[in-house]
Amino acid sequence: MSLKDGLLLEFLAEHNLELPPKPLYRNLNRHGHEIGYSTVRLRLSELEKHGLVSEVGSGGYYEISEVGQRYLQGEVALEELED
C-alpha cells in the first residue's frame with residue numbers, strides 16, 4: 001500500500017464517484033491534492049488487485065468497493081489485503 005492509496009479511496013468514497021483515471025487525477029488536483037496521473041493509474045491498478053476498488057463495467061471507470069469502504073472504516077486490516 002502507498003500513502004496515496006488512502007487519498008484515492010477517501011476521495012472516491014467521500015464524493016461517491018465512478019471515474020476513469022484521468023478525470024480522477026484532474027479532480028484530485030483541483031481539490032488541492034498533488035498527485036501525478038501515472039501515480040493515479042498505477043495505484044488504481046494496485047487497489048483493484050486488492051479488491052479495494054472495482055471497475056464499473058468495462059469502460060475503465062472505477063469506484064470504491066465494499067471492501068474498500070470497510071477498509072476505510074477500520075473493519076478490514078491491511079494484512080488481510082496482502083497477496
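This chain uses plain numbering: 1 for the first residue, then up along the sequence.
Atom CD of residue Glu10 and atom CG of residue Leu28 lie 11.0 Å apart, to the nearest 0.5 angstrom. Between Thr39 atom OG1 and Leu3 atom CG the span is 11.5 Å, to the nearest 0.5 Å. Atom CG of Asn16 and atom CD of Glu18 lie 8.0 Å apart (nearest 0.5 Å). Taken to the nearest 0.5 Å, the CZ atom of Arg41 stands 12.5 Å off from the CG atom of Leu24. One finds the CZ atom of Arg70 at 10.5 Å from the CG atom of Leu52 (value rounded to the nearest 0.5 Å). Note that CG of Leu8 and CZ of Arg43 are 8.5 Å apart. Values are rounded to the nearest 0.5 Å.
Taken together through direct or relayed side-chain contacts under 4.5 Å among Ile, Leu, Val, Met, Phe, Trp and Tyr, Tyr37 and Leu19 form part of one hydrophobic cluster.
Nearest approach of Val67 to Val76, heavy atoms of both residues: O-CG2, 4.3 Å. Closest heavy-atom contact between Gly36 and Tyr25: C-CD1, 3.7 Å.
By the 30° and 60° cut-offs, the orientation of the rings of His15 relative to His31 is tilted.
No donor-acceptor pair closer than 3.5 Å links the side chain of Ser54 to the backbone N or O of Ser65. Using modelled atom types, one side-chain atom of Asp5 and one backbone atom of Ser2 make a donor-acceptor pair closer than 3.5 Å. Remark: the backbone N or O of Val53 is not paired with any side-chain donor or acceptor of Glu48 at under 3.5 angstrom.
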message: Set out, in order, the CA-CA distance, both residues' side-chain angles and the distance that settles side chain to side chain contact (heavy atoms under 4.5 Å, CB included) for Asn27 and Phe11, then state yes or no.
response: CA-CA 9 Å; Asn27 280 284; Phe11 192 84; 3.9 Å; yes
task: With side chain to side chain contact (heavy atoms under 4.5 Å, CB included) as the test, would you mind laying out the steps for Tyr71 and Leu9 before giving the verdict?
output: CA-CA 9 Å; Tyr71 174 77; Leu9 290 173; 3.8 Å; yes
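By the neighbour-count criterion of 12 heavy atoms within 6.0 Å, atom CD of Glu34 is sparsely surrounded, having that number or fewer from other residues, nucleotides or ligands.
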